[in-house]
Structures are given as structure tokens and as C-alpha cells.
Amino acid sequence: MKGCSERLLFLLLLLASSSLLSAVIAAQQTCPADLDSKCDGGASDDDWEGEFFPGVPKIKYEGPTSKNPLAYKWYNKEEVILGKKMKDWMRFSVAFWHTFRGTGADPFGAPTKTWPWEDGTNSLAMAKRRMRAHFEFMEKLGVDKWCFHDRDIAPDGKTLEETNSNLDEIVQLAKQLQLFMHPRYMHGAATSPEVKVYAYAAAQVKKALEVTHYLGGENYVFWGGREGYQTLLNTDMKRELDHLANFLQAAVDYKKKIGFNGTLLIEPKPQEPTKHQYDWDVATTFAFLQKYGLTGEFKINVECNHATLSGHSCHHELETARINGLLGNIDANTGDPQVGWDTDQFMTDIAEATLVMSSVVKNGGLAPGGFNFDAKLRRESTDVEDMFLAHISGMDTLARGLRNVAKLIGDGSLDDLVRKRYQSFDSEIGALIEAGKGDFETLEKKVLEWGEPTVASGKQELAEILFQSAL
């Protein structure tokens, strides 16, 4: 869904709600998630609370030799690796928009999924039923964090007041249990040439920040899906960038005014739906934050599939964010190398997961951020069970990546290879350069003294062998 519709700026909520979640699930009736079934004499849509996944048990860790597809082989949340429990390294969260609002539709085909609890409406009653299914899914998966777009959990209204009222009602239920397809944003939100659209976007983000604060959210992510341009012939780029910076500064000001202490993040993406988005990649976003004095107020949410669309690897984007002190959250997905758009697939490549986890470990973790599964089932995967299988696979893949990083660190050979490549800078003159005191006159004298330098092999093949040995 991300990147292929008219969208404003979205929010992610990562909620630590496990104790409350267990109490709610325990109170639910046990009956099939089927609209034709009658639970306790037939409850109304608003208070229908049957078991949505009666054939799926709580997912448990069974180890690498298990043949049970509904079990974790590598993710053992309480196991301590490199000084932290796996659950604290990962901080997994379920993305409501893909898991419960994804339909399997694509630009070339109609929806392929209709879950048993769906009635085909966009009513408040349906939104409440869907929210209950979501929390049962989290409880059985063993994940206590979630994230959502404001317009995915509640139906839009005809006016801002009606829209906010709908959101309030669903948020109340979410609190107990635990944006942006509108054509007004076709030219952008904070970068729209129409001041009334800018103001409308501000009103929506204001409400979303309030909801985040109310629900105890830890992060709020801005993604400017229409904050860019199709052609510079009709675009005042400087003015639009100035407007975007002012919008983000206003969000910072309001966050502080209401006492919200969560992290604000920006999620870079190069294109799709616009030809050129202003948050193209991490480096571009970092330069924007520096120019407008916002580096102390925002961190980066890296989406791996967006990284590849910008011509980088996910590892590159994570490292660029990390070394600049901006790595805050990760959208754990990947793309298809043979497909040129944002496919939002669950990450299953062990090597990629190992590289991702190496950046996370070097960063000391992601808290208060984490791994958000901004990934969706394939169009052809239509069973309810597939929702669990996809998340189990994604969680196990990243867990295996963490275990591989521990192996690499324990062995030390790869780190030693990198250290030796730069050991000439451990000399007196190297230290002078790294201290910013290597003036050209001094360096010229050294060159005359040394003569032609000898350049050692980069040993890339050996580095690859050492890396592969951990997989």
C-alpha cells in the first residue's frame, strides 16, 4: 500500500501494551471469526468479540529442528544475545495497514483477500471488529507493539469534525485493547501550493499527534508520499522545501506543547508516487534537517525496500543514519530485485538480515524504535494462517541475523580485516590527520620523504568468505 496512493504524512505508533492485551484476549468468547456464526446468541457488530483465529495456537519457540510452521525456529525472545534479550534487540511491531487492511490489490488487479470477519463496509462497527482481530493476532504472535496510519483504523468522514469523531471512537477501543488517500493531497500536503491544503494537513497531523500521545505511542513517523514534484517547470522547489521545514517545526512545537515525549522520525523514499520526493534517501534527508536546524528534533525511519529504490542497499542507508546519530526505527521489508517498484515483501534473506542486524548492534539497539513489519502478504496468499506464517518467517529471519552477528563478533576475523585496512592511520601522521591537523605542507614533506606509496589489497573476497562463514 505504501507509495501507491494519494497520501498525506503518516504516523506509526509503537505501543507497549502486553499486560492490557492479555486481559482483553482472555475475556473473549471462543467461536469462529465468521459473520454468519452466532456467538452468545448473536451479538451486535459493535460488541462481537469471538475468537478470530481459533485454529492458531500461541506461537512458541521450538528451535531450529522444529518442523512446525506455526513455531519460531530462531526467535527466542527471552534468550540473551550480546548482552540483551532478543525481544529488546528486535522490538517487533505489527503494521495494521498491511496486515489487516491489505486486500491483495495491485495496479493491475482487483483485491484477492476478504478475511472472514470483514463485511465489506467501512463502518465504525467494522473498524471495531477489525481492531479486536488485530489484538488477538498480536497476542497469539507474542508481539506487544503495533503501528498504524490514522485513516486505516477509522473511516474518513465528510468533514474534519466527523473524521476526528470517527478516529476518537476507534482510539477509545484501541486504548481498551491495548492517512491519506484523499485527492486534496494530490499536490502534496506540507508542500502543496494551496494554503488551505497545508492548513488541513496541519489539522490532521495535530489530531494524529494527540492520538499518539493519548495511546502512549513511542514514535511518530512522517512519510511525505506526495512531498515532491512531477516536473520542475511548474514547481518552486525552494518555497516548497521552506514550507515543509516550517510544517515540521510546527509539529515539533505542538509535540512539546502537549507533552508528547516520543521520537519524531522521517522516512525517506526516492519516488513512487511522485517522480522526485524531497526525502530521497537518508543523506538527502540529513542535509535537509541540517539546513533547517532540525537535526536535534528528528531521527530516521529506514525502510529497506525504499533503500533499494534509491539505488542503495538497506545496509548503506542504516549505516548512513547510524554514523550521523539518526537511526531510530526500521521498516523490516524488502523488494524483488526483478521488479522495479515498492513490493513490501517480508525479509527472508539471511545475509541481508545479518547486515541489517550488524548496524542495529553497532547502534546499541533501536529503542524507543524497533522493527516494524511494513510488509504484506503476497497477492496469491489468501489464507488467514498466512498472516502468521509471514510474520514468523520475518521474525525468525532477523533473529537468525542477530545470531550471525554474534558469531562474527565472537570470531573477530572480519573486524580484524577491517582494522588492518586502516592501520596506517594508527601512525603518528595518521593521528594528526584524523585530528584535523594534517596541513598540506606537512603532508607534502612526508610524501617527499616516503616516495611512492605501496597500496595493499582490499581483500574483498576474503571479507565475503568470512561473512558467509557466519551464515
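A quick note: this is a predicted structure, and the numbers were derived from the prediction, not measured.
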Novice: So, E441 and K445, do they make that salt bridge, N to O below 4.0 Å?
Specialist: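 Salt bridge: no.
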Novice: Working to the nearest 0.5 angstrom, can you tell me the gap between S313 OG and L355 CG?
Specialist: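 If we round to the nearest 0.5 Å, S313:OG and L355:CG are 7.5 Å apart.
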Novice: Are Q345 and T343 linked by a side-chain donor-acceptor pair shorter than 3.5 Å?
Specialist: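 Side chains of Q345 and T343: pair found under 3.5 Å.
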Novice: With ring pair (Phe, Tyr, Trp, His ring centres under 6.0 Å) as the test, would you mind laying out the steps for F388 and F137 before giving the verdict?
Specialist: CA-CA 8 Å; F388 286 91; F137 177 78; 4.6 Å; yes
Novice: Test F247 against Y198 for ring pair (Phe, Tyr, Trp, His ring centres under 6.0 Å), laying out the working first.
Specialist: CA-CA 8 Å; F247 190 99; Y198 182 102; 5.3 Å; yes
Novice: Under 4.5 Å between any side-chain heavy atoms of E317 and V302, yes or no?
Specialist: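 Yes. Closest side-chain heavy atoms under 4.5 Å.
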Novice: Show the nearest heavy-atom pair for residues I59 and I392, with the distance to one decimal.
Specialist: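 I59 and I392 have their closest heavy atoms at CG2-CD1, 3.8 Å.
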Novice: Salt bridge between E79 and K84, side-chain N to carboxylate O under 4.0 Å?
Specialist: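 Looking at K84 together with E79, the answer is no, because their closest N to O distance does not fall below 4.0 Å.
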Novice: Measure up the F371 and F92 rings against each other and bin them: parallel (under 30°), tilted (30 to 60°), perpendicular (over 60°).
Specialist: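 Geometry flag for F92 against F371: tilted rings.
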Novice: Given 3.5 Å as the limit, does a donor-acceptor pair link the side chain of D281 with the main chain of S310, or not?
Specialist: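 Absent.
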Novice: Distance alone, cut at 3.5 Å: any donor-acceptor contact between the side chains of N372 and D331?
Specialist: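 D331 and N372 do have a side-chain donor-acceptor pair below 3.5 Å.
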Novice: Let's go through D411 and S413 carefully: what are the C-alpha distance in whole Å and the side-chain angles of both, what is the deciding distance for side-chain hydrogen bond (donor to acceptor under 3.5 Å, both in side chains) to 0.1 Å, and is it a yes or a no?
Specialist: CA-CA 6 Å; D411 176 74; S413 298; 2.6 Å; yes
Novice: E218 and salt bridge (charged side-chain N to carboxylate O under 4.0 Å, His left out): which single residue from K299, R91, K145 fits?
Specialist: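 Running salt bridge (charged side-chain N to carboxylate O under 4.0 Å, His left out) over K299, R91, K145 with E218 returns exactly one hit, R91.
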Novice: Is the shortest side-chain N to carboxylate O distance from K420 to D416 below 4.0 Å?
Specialist: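 Salt bridge present between K420 and D416.
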Novice: Are E319 and S359 close enough that a side-chain donor and a side-chain acceptor fall under 3.5 Å?
Specialist: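 S359 and E319 do have a side-chain donor-acceptor pair below 3.5 Å.
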Novice: Does E464 form a side-chain hydrogen bond (donor to acceptor under 3.5 Å, both in side chains) with Q468? I'd like the steps, not just the answer.
Specialist: CA-CA 6 Å; E464 290 167 346; Q468 292 289 335; over 6 Å; no
Novice: Would you say the side chains of E210 and Y254 form a donor-acceptor pair under 3.5 Å?
Specialist: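 A pair is found: one side chain offers a donor N or O, the other an acceptor, under 3.5 Å apart.
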Novice: Before giving the answer on ring pair (Phe, Tyr, Trp, His ring centres under 6.0 Å), spell out for F286 and F288 the whole-Å C-alpha distance, their side-chain angles and the decisive distance to 0.1 Å.
Specialist: CA-CA 5 Å; F286 180 40; F288 170 86; over 10 Å; no
Novice: Would K73 and E62 pass as an ion pair if we require N to O under 4.0 Å?
Specialist: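 A salt bridge is absent here (no side-chain N lies under 4.0 Å from a carboxylate O).
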Novice: Does a side chain donor of either E352 or T334 reach within less than 3.5 Å of an acceptor in the other side chain?
Specialist: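 Side chains of E352 and T334: pair found under 3.5 Å.
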Novice: Under 4.0 Å between a Lys/Arg side-chain N and an Asp/Glu carboxylate O for D88 and K85?
Specialist: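 No.
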Novice: Are Q271 and H276 linked by a side-chain donor-acceptor pair shorter than 3.5 Å?
Specialist: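 Note: Q271 and H276 side chains miss the donor-acceptor criterion.
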Novice: Quick one: which of L265, T263, V205 gives a side-chain contact (heavy atoms from CB on, under 4.5 Å) with Y220?
Specialist: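 So, applying the side-chain contact (heavy atoms from CB on, under 4.5 Å) to Y220 and each of L265, T263, V205, only V205 qualifies.
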Novice: Run the numbers on F373 and H391 for ring pair (Phe, Tyr, Trp, His ring centres under 6.0 Å), then give the verdict.
Specialist: CA-CA 8 Å; F373 282 111; H391 283 79; 5.6 Å; yes
Novice: Could K269 and D342 be called an ion pair, given the rule that one side-chain N must be under 4.0 Å from one carboxylate O?
Specialist: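 Yes, this pair counts.
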Novice: Out of L244, L248, D242, which one pairs with Y292 under the side-chain contact (heavy atoms from CB on, under 4.5 Å) rule?
Specialist: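 The single option meeting the side-chain contact (heavy atoms from CB on, under 4.5 Å) with Y292 is D242.
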Novice: Quick one, V197 and H187 - any side-chain contact, counting heavy atoms below 4.5 Å?
Specialist: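 In short, these two side chains do not touch, never coming nearer than 4.5 Å.
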